[in-house]
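Scope of the values below: all heavy atoms of this structure, side chains included, with no hydrogens, waters or symmetry mates.
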Amino acid sequence: MDRSGLFVAPVPGDPPAGASPLDARIALAALVGTTGACLAGGAVTLSATDWTAQLSDAVWRLPDPTSSRGAFVSPTDAQQLAFAAAPATGSRIDGIDVKQADYANGDADSRARVVVTPGNPGAPSTEPAVPAGHWRYATLTVSAGNGNAAAATLTYKDASRLQALSITAPSYALLQLTAGEPGQRAFVTDDPTPARNGGYVWAGAAWAAEKAFISATMTAAKAFASGVQSTVPLDTVMASRGFGALSSGAIVIPQTGIYLAYIEIVWPASSNAQTSGFYMGPNSAGGSVLVSGQVSEISGAVASSWRQSASFIISASAGERIFPIADQNTGATMTVSSAWMKLVKIA
């Protein structure tokens, strides 16, 4: 049959032709898809004091039971969900399900609703069937001994669940006035400090810079005794994004992750054969080595200074203080006046 599209005036008649709700849902589905999904919001916060959960405002994409080609896009307001207490033995799986009612399909109204579908206790328990006309958004596994909803296990079933919309802020200071949602991204566009422009992601309590990096140097000369591992104290930041100030010659890790570290040092001329190397470590009790890896170079007497470099992949935690460690074994003290280090967050 012939169909109309979105926002097309109906042609008078009995029944009127064009712009039917089904026509609109089919056209909408071509833009957004037909499978169930939470398009925005939908965060479930489990209570640590009782058996309830708070569901935030949400916009849902829900299948059309009258046509596999159509889809509903419907909002729901924030609401409280209630669950039964934990079973005496075993466990129970409850479903969190969404249904789009449709008056034209025999329902009492045309609203979207979120409901809890209780499961049956068991050992092991099984997930309850999805009620007819509903779409499963998440499950809550409640085990014997759980004292509240927060002690249970929430599992989102929606593989296409979308993140909150990105935020654009003209300055870094204005971005700090806004709290985000987990995984939400933001962009700073016109900050007076150019290094602060770029992408950020909400890390749970603060905005963390994406592609964070720092380049720092040692400008004050330091004497390295032969056969002794010594720290390379960094004193000047050349460029950075997402990192703070140096701390007692070390770089402070801003967020937990995987970093690429590059170190370079310029050794002076030496009349003795030389073996030298790099390590990396935190300023922790006992001087434990965070990354034990040595890059060595052996040479005969050298008449001029020479440059040694090394790269490391390290796993570091937020707040950890990272610095290079160098050593040489010429049998004499060597004074170094140039060294630098760069850290780039890669994951």
| said: Is there a side-chain hydrogen bond (donor to acceptor under 3.5 Å, both in side chains) between Glu264 and Trp340? Walk through the geometry before answering. | reply: CA-CA 5 Å; Glu264 192 171 283; Trp340 68 281; 3.1 Å; yes
Residue set satisfying ring-ring contact (aromatic ring centres under 6.0 Å, His included) with Phe213, at least two apart, ordered chain then number -> none
Any donor and acceptor pair, going by atom type alone, linking the side chain of Thr231 with main-chain N or O of Pro233 inside 3.5 Å? no
*Any side-chain heavy atom of Ser230 sitting closer than 4.5 Å to one from Ile325?*
no
With sequence neighbours left out, the residues meeting side chain to side chain donor-acceptor pair (under 3.5 Å) with Asp94 are Arg92
Practice prompt. Take Thr35 and Arg61 through the test side-chain hydrogen bond (donor to acceptor under 3.5 Å, both in side chains) and record every step on the way to the result.
Written response: CA-CA 7 Å; Thr35 58; Arg61 179 182 67 206; 3.2 Å; yes
Notebook entry, point to check: Is the side chain of Lys211 donor-acceptor paired with the backbone N or O of Val344 at a distance under 3.5 Å, no angle test?
Noted result: no
If you measure only the distance, is there a donor-acceptor pair under 3.5 Å linking the side chains of Thr45 and Gln54? no
Note to self: Walk me through whether Thr141 and Thr153 qualify under side-chain hydrogen bond (donor to acceptor under 3.5 Å, both in side chains).
What the structure shows: CA-CA 5 Å; Thr141 301; Thr153 301; 5.7 Å; no
Below 4.5 Å, heavy atoms only, C-beta onward: do Pro63 and His134 meet side chain to side chain?
no
Rounded to the nearest 0.5 angstrom, the CG-OG1 distance for Asn105 and Thr66 is 6.0 Å
_I'd like to know if the side chain of Ser47 and the backbone of Thr49 have a donor-acceptor N/O pair within less than 3.5 Å._
yes
Taking every heavy atom of Ala326 against every heavy atom of Val232, the minimum-distance pair comes out as CB-CG2, 3.9 Å
Establish, from distance only, whether the side-chain atoms of Asp235 and Thr219 form a donor-acceptor pair under 3.5 Å.
yes
Going through the distances and angles, do Val73 and Leu39 end up as a side-chain contact (heavy atoms from CB on, under 4.5 Å)? CA-CA 9 Å; Val73 175; Leu39 299 180; 4.1 Å; yes
Could you tell me whether a side-chain N or O of Ser171 sits under 3.5 Å from a main-chain N or O of Leu174, the two making a donor and an acceptor?
yes
Cys38 and Tyr137 have their tightest heavy-atom pair at CB-CE1, 3.6 Å
When every non-hydrogen atom of Ala149 is compared with those of Thr52, the smallest separation belongs to CB-O, 3.4 Å
Aromatic ring proximity, centroids under 6.0 angstrom, Trp207 and Tyr172 = no
Looking only at heavy atoms, the pair that brings Ser56 and Gly41 closest together is OG-C, 3.8 Å
Assert yes or no for the condition that the ring centre distance of Phe187 to Tyr200 is strictly below 6.0 Å. no
Here the pair of heavy atoms bringing Ala186 nearest to Leu175 is CB-CD1, 3.6 Å
Between Asn148 and Ala48 (side chain of the first, backbone of the second, donor and acceptor by atom type, cut-off under 3.5 Å), is there such a pair? yes
Look at the side chain of Asp191 and the backbone N and O of Pro194, then say whether any donor-acceptor pair between them is shorter than 3.5 Å.
-> no
> Checking side-chain contact (heavy atoms from CB on, under 4.5 Å) for the pair Tyr103/Asp109: CA distance, chi angles, key distance, verdict?
Replying inline: CA-CA 5 Å; Tyr103 182 79; Asp109 57 37; 5.9 Å; no
Show your reasoning for whether side-chain contact (heavy atoms from CB on, under 4.5 Å) applies to Trp267 and Met334. CA-CA 8 Å; Trp267 295 104; Met334 304 182 75; 4.2 Å; yes
Determine, step by step, whether Val142 and Phe83 satisfy the side-chain contact (heavy atoms from CB on, under 4.5 Å) criterion, reporting the C-alpha distance in whole Å, the side-chain angles of both residues, the deciding distance to 0.1 Å, and the verdict.
CA-CA 9 Å; Val142 182; Phe83 302 88; 5.6 Å; no
- What do you reckon, is CZ of Arg111 surrounded by more than 12 foreign heavy atoms closer than 6.0 Å? no
Exam field: side chain Asn146 to backbone Ser143, donor-acceptor pair closer than 3.5 Å: yes
- For Asn329 and Ser226, what are the C-alpha separation, side-chain angles and deciding distance, and is it a side-chain hydrogen bond (donor to acceptor under 3.5 Å, both in side chains)? CA-CA 5 Å; Asn329 68 347; Ser226 178; 5.9 Å; no
What one should report as the nearest heavy-atom pair of Ser311 and Tyr262 is OG-CD1, 3.4 Å
**Report entry** Salt bridge flag under 4.0 Å for residues Arg196 and Asp190
**Finding:** no
### Task
Ignoring hydrogens and angles, tell me if any N or O in the side chain of Asp327 forms a donor-acceptor pair with the backbone of Val228 under 3.5 Å.
no
Quick check: does any side chain N or O of Glu210 sit under 3.5 Å from a backbone N or O of Gly198, one acting as donor and the other as acceptor? no
Is the NZ atom of Lys342 crowded by more than 12 outside heavy atoms at less than 6.0 Å?
no
TODO: Verify, without hydrogens or angle tests, whether Arg241 (side chain) and Asn197 (backbone) share a donor-acceptor contact under 3.5 angstrom.
DONE: yes
*N-O pairing of Asp64 and Arg69 below 4.0 Å*: no
| query | Are any of the side-chain heavy atoms of Thr139 and Tyr156 separated by less than 4.5 Å? | reply | no
